Amino acid sequence: MKLIRVALDLPLPRQFDYLAPDALESDIGRFVRVPFGSGTKVGIVLALLDATDQPVEKLKAVQAILCEIPTLPASFIALCEFCARYYQAPLGEVLAFALPPMLRRGKLPRMSAPVSGDGGEAGVSRSTALRLRGGSTVLSRHSAPAPTGELPTLLTAQAQAVDAILLAKNFQTFLLHGITGSGKTEVYLRAIAAVLARGGQALMLVPEIALTPQLQGRVAARFPDAHIVAAHSGVPDAARARGFLEALAGRADIVLGTRLSIFMPLPRLQIIVVDEEHDGSFKQQDGLRYSARDLAIWRAQQLGIPVVLGSATPTLETFFHAHNGRYTLLELPLRAVAKNLPAVRVVDTRREKLQDGLSQALIDAMSLRLERGEQSLIFLNRRGYAPVLACPPCGWISRCHRCAANLVVHLADRRLRCHHCGFEALIPRACPTCGNVDLKPFGRGTQRLETILGERFPKARILRIDRDSASTPKKWQALLDTIHAGEADILIGTQMLAKGHDFPRLTMVGAIGADAALFAADFRAPERLFAQLMQVGGRSGRADLPGEVLIQTDYPDHALYEALVDGDYGRFARTLLLEREIAGFPPYSFQALLRAEARTVEDSLAFLANARRDAVALGISGIALYDPVPMKMQRLMALERAQLLVESTSRPALQAFLARWMEAIYALKKTSGLRWHLDVDPLEI
Ligand code: ADP
Ligand code: ZN
Ligand code: ZN
């Protein structure tokens with residue numbers, strides 16, 4: 001009896017066996033169509049078997065081996081297997097996730113102008129559509145890149161970093177630590193150039209928001225002859241499938257993409273770069289909760305190649321490893337071009353009566369820039385007009401009926417909106433409780449700031465950049481173009497603006513409302529705040545214009561702000577590490593969260609209590625099980641959520657425990673409508 005074991009995209013932690021009389025060893029990694037239930041499904045062949053533990057009389061025959069689709073290489077399947085094992089996800093789901101949607105359905109994209117004799121079993125052609133078009137034209141609108149051939153002379157630290165990376169003969173993890181503008185990207189590009197010259201392929205991961213035409217253009221301009229594939233969720237289906245096949249066939253030289261591109265099969269991969277490694281978008285927050293940064297390290301280890309993590313504010317996990325010798329620390333202490341770092345100052349707001357939330361110092365700083373024809377940026381990480389609408393006489397406030405959250409006032413289109421579930425309603429004319437017509441928006445969001453600044457600086461051209469004004473890539477690009485054309489004097493931005501953009505005329509950044517994150521319940525909040533402020537501050541004072549950063553705060557002596565003023569992330573990181581060590585938090589421990597959501601919080605808690613009971617019954621040692629608790633944001637989209645934290649000082653112990661525990665959890669009874677998931681290495685607790 002000849003059988004094949006097939007992975008199918010199902011939420012079940014098991015594989016499926018099918019009769020396949022003429023299957024060959026070389027079919028492992030092939031796409032197959034198999035009968036399933038009353039229909040068919042496309043799956044991936046994992047193994048050839050002679051026997052099965054599944055009931056023989058139920059075995060069905062495979063319908064077709066889809067030979068027109070290239071075989072998935074063993075390394076691709078191994079990466080998915082690791083991902084499935086580590087994140088306790090069904091392998092079939094991981095494989096499906098890692099594949100472009102079109103291939104997942106067993107379909108091939110149309111390839112333009114096939115190139116003969118180019119190898120590749122599917123006759124995959126070199127697609128011109130996917131080539132990043134006109135790096136130079138895109139770039140010329142924004143900055144002035146050195147023309148190809150005239151590369152800048154590397155600073156000593158840059159040259160040492162490039163040398164170290166290229167000397168790596170085996171797996172090695174590097175942390176390239178340097179502020180914005182210190183020349184990290186230049187280091188990546190040099191290392192990638194050397195890899196391409198050796199005939200290798202390179203994979204460069206960037207945060208979702210940083211993958212702009214600007215960066216794509218810079219890479220394309222540097223490598224005019226290279227075949228570059230862009231991979232992110234915005235790439236249309238067919239193009240994504242083509243990019244995947246080109247990478248797999250070895251025809252892509254560089255894959256530049258967001259977290260999902262970590263799965264791109266690259267047979268000659270010789271370097272992985274993870275830019276802005278601290279960025280939260282590398283961890284997927286729903287479905288398959290994987291960290292592309294962590295998978296990058298695993299993949300590099302499997303292949304015996306270097307992986308470069310770059311950041312101005314590395315995660316504490318990375319910082320820790322870079323200082324205990326597990327990673328190699330490469331520091332870029334200087335800015336590559338600007339002479340001076342921006343001067344960072346805190347504005348003590350404890351004794352000052354603010355004017356619509358603005359201090360005199362900030363107002364003066366903006367006025368000065370207007371006089372000089374330079375740009376200012378006010379960073380306020382809260383979109384909308386005001387965070388809540390309230391009726392002072394009766395105490396009514398705008399709440400979302402589906403979430404434990406307030407409805408945010410969006411005055412531009414006269415709506416109340418829930419930023420968690422998307423619910424929206426027109427702003428009521430009168431209070432729904434008492435009929436009072438004098439409802440008051442409380443607090444300030446970016447829209448309100450736009451109005452306030454418009455009244456205060458009537459001649460200034462004010463531009464708001466947040467997820468509402470940049471709701472599509474096109475609008476986002478138009479906003480960037482306006483800024484670069486110098487057609488805006490004051491920018492108001494959320495964290496969207498913090499990353500990866502050079503604004504040559506920007507010389508002042510003011511941060512307001514930052515204190516809120518100082519005392520957040522999440523232990524990672526200060527680390528994130530530091531990164532955001534440092535990043536947004538780094539936008540000012542490029543080139544020859546010195547920059548200034550003003551941070552309004554009621555806590556001017558807080559260690560975070562002090563370290564920021566001194567530009568000393570290391571000091572702050574060491575303070576945080578000490579706190580984490582005392583509290584036993586990561587990186588001194590490893591965590592997983594079991595979350596449940598149901599119609600009532602009792603149902604969610606009961607499920608978790610049963611899961612906990614089963615965990616205890618497994619006879620755990622070296623594993624700390626906390627009590628099930630309602631989540632901080634308990635109600636979301638009309639579901640009541642609770643979570644159970646599991647912790648261990650040993651990653652292998654946690655992994656071994658989770659694998660056994662999952663079997664018990666799958667077997668648990670669920671009340672109707674209850675859903676659960678496990679989040680390994682959760683970013684938010
Ligand atoms: P980062 O990635 O750390 O923000 P970049 O590599 O983008 O830094 O460098 C910032 C700017 O400085 C870019 O315009 C880049 O072209 C330029 N640059 C980088 N290295 C050098 C160098 N050695 N000499 C001159 N300019 C450089
Ligand atoms: Zn809601
Ligand atoms: Zn009222």
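All values below come from the heavy atoms of this structure, side chains included, with hydrogens, waters and symmetry mates left out. All ligand and atom numbering here is 1-based and tracks the order in the structure. Owing to the predicted nature of the structure, the values given are computational and were not obtained by experimental measurement.
Between Thr180 and ligand 1, a contact under 3.5 Å exists for no N or O pair. Checking only distances, Gly181 does come within under 3.5 Å of ligand 1, N or O to N or O.
Here His420 fails the criterion, with no N, O or S atom under 2.8 Å of the Zn ion (ligand 2). Taking 2.8 Å as the threshold, His419 does not count as a candidate ligand of the Zn ion (ligand 2), since none of its N, O or S atoms lies below it. For a distance bound of 2.8 Å, the N, O or S atoms of His401 include none lying that close to the Zn ion (ligand 2).
Rounded to the nearest 10 degrees, the angle SG (Cys418) to the Zn ion (ligand 2) to SG (Cys400) equals 110°. Annotation: angle subtended at the Zn ion (ligand 2) by Cys421 SG and Cys403 SG is 100°, to 10°. Computed with the Zn ion (ligand 3) at the centre, the Cys391 SG to Cys434 SG angle is 100°, stated to 10 degrees.
Not close to ligand 1: Gly178, with no non-hydrogen atom less than 4.0 angstrom away. Residue Asp275 places no heavy atom under 4.0 Å from ligand 1.
The two residues Leu506 and Ser376 come nearest to each other via the heavy atoms CD1-C, 3.5 Å. In terms of heavy atoms, Ser604 sits closest to Leu674 at CA-CD1, 4.2 Å.
Using a cutoff of 4.0 Å between basic side-chain nitrogens and carboxylate oxygens, Asp566 and Arg571 are scored as salt-bridged. Under a 4.0 Å N-O distance rule, the pair Asp294/Arg299 does not qualify as a salt bridge. The pair Arg222-Glu186 counts as a salt bridge, with a side-chain nitrogen and a carboxylate oxygen less than 4.0 angstrom apart. Between Arg528 and Asp522, at least one side-chain N (NZ, or NE/NH1/NH2) sits under 4.0 Å from a carboxylate O, which counts as a salt bridge.
Using a 4.5 Å cut-off on side-chain heavy atoms (C-beta onward), Val601 and Pro630 make contact.
When Gln158, Arg218, Glu186 are ranked by how near their heavy atoms come to atom 13 (C) of ligand 1, first place goes to Arg218. For atom 9 (O) of ligand 1, the nearest non-hydrogen atom from the set Ala312, Gly183, Ser311, Pro504 comes from Gly183.
Checked by atom type and distance alone, the side chain of Arg675 never pairs as donor or acceptor with a backbone atom of Ala596 at under 3.5 Å.
When each of Glu640, Arg641, Glu597, Gln643 is tested with Gln634 by the rule side-chain hydrogen bond (donor to acceptor under 3.5 Å, both in side chains), just one qualifies, namely Glu640.
Residue Ile179 has at least one heavy-atom neighbour below 4.0 Å for each of these atoms of ligand 1: 3 (O).
For Glu276, no heavy-atom contact with ligand 1 is shorter than 4.0 Å. Counting heavy atoms under 4.0 Å from ligand 1, residue Thr153 touches it through the backbone alone.
Taking the six-membered ring where tryptophan is involved, the planes of His401 and Phe423 are perpendicular, since the angle between them exceeds 60° and thus also 30°.
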